[in-house]
Amino acid sequence: MSYRILVGSYTNEIYTLTFDPTSPSLTLVSTLTVGHHPSWITPHPTDGSLVFAGLEQPDGKVVVVKYEADGQGTLIGEVPSGGADPCTLLAVGTELLIGNYSSGTFTTIPLIPEPPHLQASKSKTVTFIGSGPNKERQQTSHPHQVVFHASHAELLIPDLGADLTRRFTKNSDGGWNPSGNVSFKAGSGPRHVALYNGVMYTVLELTNEVTAHIFPPVPAEPTLVACLSTMRNVEPNMFAAEILVLHPTEKFSTPYLYVSNRDDSSPKNDVISVFSLANPQKPERVAEVRSGLRHLRGMAFGGPDDRWLIAGGVHGGGVKVLERVDGGKGLKEIASVELEAPTSFLWM
């Protein structure tokens with residue numbers, strides 16, 4: 001069985017790859033020009049042929065793409081994102097949720113059955129207010145991810161500029177109301193979060209740390225239980241990026257947390273750090289895997305038991321598929337392909 005994988009980028013294209021684990025091989029099937037920097041891709045919640053991508057540009061836009069079974073895509077719509085540089089999108093329920101990084105705005109757009117599947121005339125945008133001590137990176141609010149916590153029925157929006165993760169719950173009219181914040185130390189820059197077994201894990205981009213909070217539903221407050229470096233030796237000008245949690249499976253009995261680190265000076269390039277969650281409240285760094293990728297941003301697991309990890313280097317190394325080995329603690333490269341400036345991935 002082979003797999004289709006979409007790749008967002010800091011080019012004008014979304015790439016379609018085919019991963020064949022039997023060879024193993026990774027092959028470029030097609031490219032689709034959609035506009036400036038389609039850096040983040042999210043699937044439609046019910047129609048597997050549709051995806052949304054944010055164009056990271058001052059007049060932010062969201063494009064809608066329909067894919068055929070052979071991996072060929074067609075651009076079917078484009079709407080405003082509600083701000084500048086949309087770097088995160090999530091389609092859940094009956095709406096698309098967008099975080100616009102540079103303008104510090106959060107936008108919701110209703111989903112509709114007819115093309116372009118987004119009802120832009122009824123979009124709603126909220127401007128976040130906040131800042132931090134890092135004058136280069138934290139002059140204003142910078143939402144960097146939108147996550148839906150299904151069991152709590154709440155949204156989590158890490159705000160790199162304001163050193164907090166914003167929490168939202170639905171009101172009786174179907175809108176999202178602020179319901180609290182998770183605060184982090186000044187200048188840490190929360191970027192992305194992941195959830196497991198009642199704990200929220202956060203990667204702090206500006207300090208290269210991972211935190212763990214016991215995370216009850218609102219109105220209860222979270223409790224910080226761990227904070228540790230993403231790597232043993234963090235160099236100046238390094239920045240952590242992605243954080244992923246994998247639950248136990250029949251093949252991989254221990255839960256693990258994976259973090260990507262960018263801009264390592266090593267000739268073997270950037271590290272993927274692996275943390276055991278055998279005790280979810282006490283993550284333990286158990287491995288550091290050299291990826292051969294430069295400026296490693298996005299990563300995504302896929303396949304049975306989330307057996308394979310796909311990752312890319314914006315500044316070099318292309319795209320690689322790594323297989324989980326040693327019970328999930330290790331990663332071994334098994335396939336690669338040269339692509340320009342890959343940023344995010346979606347297993348179709």
Side-chain angles (χ1 to χ4, degrees), residues 5-16 31-45 47 49-67 73-112 115-120 122-128 140-148 155-161 166 176 191-193 205 241-242 297-300 312 314 339-348:
I5 304 171
L6 301 183
V7 185
S9 74
Y10 276 159
T11 69
N12 294 324
E13 280 75 41
I14 297 175
Y15 306 105
T16 303
T31 63
L32 179 67
T33 300
V34 297
H36 181 74
H37 287 189
S39 65
W40 191 263
I41 308 171
T42 195
H44 190 282
D47 187 338
S49 69
L50 294 175
V51 302
F52 306 99
L55 303 185
E56 278 201 57
Q57 55 191 34
D59 58 333
K61 298 182 185 302
V62 173
V63 294
V64 187
V65 181
K66 185 176 181 63
Y67 281 91
T74 302
L75 182 63
I76 62 172
E78 178 183 285
V79 302
S81 71
D85 297 311
C87 72
T88 179
L89 297 88
L90 178 66
V92 61
T94 59
E95 57 193 347
L96 180 68
L97 312 172
I98 306 163
N100 295 286
Y101 180 87
S102 295
S103 57
T105 52
F106 169 59
T107 299
T108 61
I109 305 178
L111 301 175
I112 55 176
H117 304 286
L118 292 172
Q119 194 171 13
K122 293 191 176 182
S123 67
K124 297 179 180 179
T125 297
V126 176
T127 299
F128 295 153
T140 61
S141 171
H142 293 311
H144 213 299
Q145 189 187 34
V146 179
V147 174
F148 181 60
L155 288 184
L156 306 176
I157 305 180
D159 189 332
L160 185 148
R166 302 176 187 273
W176 291 102
R191 177 184 173 95
H192 283 185
V193 304
E205 176 176 335
E242 186 60 279
R297 290 175 68 90
M299 311 187 296
V314 174
L339 287 184
E340 183 181 356
T343 55
S344 64
F345 304 91
L346 177 62
W347 294 73
M348 295 293 284

Can you name the side chain to side chain contact (heavy atoms under 4.5 Å, CB included) partners of P115, sequence neighbours left out?
H117
Might you work through the side chain to side chain contact (heavy atoms under 4.5 Å, CB included) test for T343 and V314, ending with a clear yes or no?
CA-CA 6 Å; T343 55; V314 174; 3.9 Å; yes
Can you tell if the side chain of P38 reaches within under 4.5 Å of the side chain of V65, non-hydrogen atoms only?
no
Approximate separation, where rounding is to 0.5 Å, of I98 CD1 and L118 CG:
7.5 Å
At their closest point, which heavy atom of L32 faces which heavy atom of L75, and how far apart are they?
CD2-N, 4.1 Å
Closest non-hydrogen atom pair, V92 against L97
CG1-CD1, 3.6 Å
Any donor and acceptor pair, going by atom type alone, linking the side chain of S9 with main-chain N or O of P342 inside 3.5 Å?
no
Is there a donor-acceptor pair closer than 3.5 Å between any side-chain N or O of S344 and the backbone N or O of G298?
no
Any donor and acceptor pair, going by atom type alone, linking the side chain of W40 with main-chain N or O of G54 inside 3.5 Å?
no
Would you call L156 and R166 a side-chain contact if the rule is heavy atoms closer than 4.5 Å?
no
Which atom names give the shortest non-hydrogen contact between F345 and G312, and what distance separates them?
CZ-N, 3.4 Å
Could you tell me whether the side chain of S39 and the main chain of C87 form a donor-acceptor pair under 3.5 Å?
no
Please list, chain by chain and in numerical order, all residues satisfying side chain to side chain donor-acceptor pair (under 3.5 Å) with R191, sequence neighbours excluded.
H144, E205
What's the spacing between Y101 OH and D159 CG if we round to 0.5 Å?
9.5 Å
Return the minimal non-hydrogen interatomic distance between V34 and V63, and the atom names on each side.
O-CG1, 3.8 Å
Test ring-ring contact (aromatic ring centres under 6.0 Å, His included) applied to Y10 - qualifying residues, sequence neighbours left out
H37
Could you give the distance from OH (Y67) to CG (L346), rounded to the nearest 0.5 Å?
9.0 Å
Testing the basics here: between I109 and S123, what is the closest heavy-atom pair and its distance to 0.1 Å?
CG1-CB, 3.7 Å
Distance col, row L160:CG vs H192:NE2, nearest 0.5 angstrom, shows 9.5 Å
Partner set under ring-ring contact (aromatic ring centres under 6.0 Å, His included) for F106, not counting sequence neighbours
F168
Nearest 0.5 Å please: distance from the OG1 atom of T94 over to the CD1 atom of I112.
12.0 Å
Measuring from W176:CH2 to L155:CG, what's the distance to the nearest 0.5 Å?
3.5 Å
Going by the rule side chain to side chain contact (heavy atoms under 4.5 Å, CB included), which residues pair with E13 if we only count those two or more places apart in sequence or in a different chain?
T11, Y15, T31, T33
Under a 3.5 Å cutoff, is there a donor and acceptor pairing between the side chains of T107 and T125?
yes
Closest non-hydrogen atoms of T88 and Q145, given as atom of the first, atom of the second and distance, are OG1-CA, 3.2 Å
Distance-only side-chain donor-acceptor flag, K66 / S49, under 3.5 Å
yes
Under 3.5 Å, side-chain donor or acceptor atoms of residues 79-86 against the rest of the protein: list the pairs with distances, not counting sequence neighbours.
residue: S81; atom: OG; partner: G60; partner atom: O; Å: 3.3
residue: S81; atom: OG; partner: G83; partner atom: O; Å: 3.1
residue: S81; atom: OG; partner: N100; partner atom: OD1; Å: 2.7
residue: D85; atom: OD1; partner: Q57; partner atom: N; Å: 3.0
residue: D85; atom: OD2; partner: S102; partner atom: OG; Å: 2.5

